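The next block holds one structure in the form of structure tokens; read it before the comments.
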Amino acid sequence: MFKGKLIVFSAPSGAGKTTIVKHLLEQKELNLAFSVSATSRPKRGAEVEGKDYYFLSTEAFKSQIEAEAFLEWEEVYKDNFYGTLNSEVARIWAVGKHVIFDIDVAGGLHIKNKFPDQTLSVFIKPPSIDALKIRLKKRKTESDDKINMRISKASEELSKARLFDCNIENVILENAQREAYQTVLNFIKP
Ligand code: 5GP
């Protein structure tokens, strides 16, 4: 079976990693496919089952943990589980593509430690915690409580940035996208 690369993008919530990952997925020559995670959190806005996430009940999520179906999983926020299914990586490799992940810092480091040579781990840095707050408020998808929870986690996550292969600062989106593209291209080159 084709064994592609694992490209992990991690960042505090609101740092812009999802936008950067979407941009990379549009660059066909990179041959990337998005790893759709499983989560026990409720569906948000226009999210689509099987495209943005596999939405599971907490019970179903826990039984997948029991069954050792996950490559990695985390309780990212209290009672909100997120994880990468082994079957997702197998599905993507089966079609001959590299896997790109948009996952939290702990999950990203987990994958890097498990497959050190096959994995490129990239940390997207927000310009500042204040900038994060503004982005999360603008997004209007979470309550103030949830925003505060994400901000307090962000400070902790920022302290782990140095453990990643590469840090990209997202001050000007186009520049961050260009840097991300070049970094991924260099990594997947045979
Ligand atoms: P959101 O609720 O905003 O979609 O995601 C919250 C956080 O969970 C984000 O940092 C996102 O990257 C992370 N996340 C999404 N999927 C996974 C996963 O499969 N594993 C881990 N560890 N984190 C994930």
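All ligand and atom numbering here is 1-based and tracks the order in the structure. Note that this is a predicted model, so its numbers are computed, not measured.
Protein residues having at least one heavy atom under 4.0 Å from any atom of ligand 1 are K17, S37, R41, R44, Y53, E72, E74, V76, Y77, Y82, G83, T84, D102, I103, D104, G107, R150, listed by chain and number.
A distance of 4.0 Å separates CH2 of W73 from CD1 of I65, quoted to the nearest 0.5 Å. Atom OG1 of residue T58 and atom CG of residue D79 lie 7.0 Å apart, to the nearest 0.5 angstrom. Between the CD1 atom in I188 and the CG atom in L120 there is a gap of 10.0 Å [rounded to 0.5 Å].
Between F61 and F70, the ring planes are parallel. Angles under 30° get that label, and only those over 60° would be called perpendicular.
With F187 as the aromatic partner, K5 meets the cation-pi criteria of under 6.0 angstrom to the ring centre and within 45 degrees of the ring axis.
For the pair E88 and R91, the salt-bridge criterion is met [side-chain N within less than 4.0 Å of a carboxylate O].
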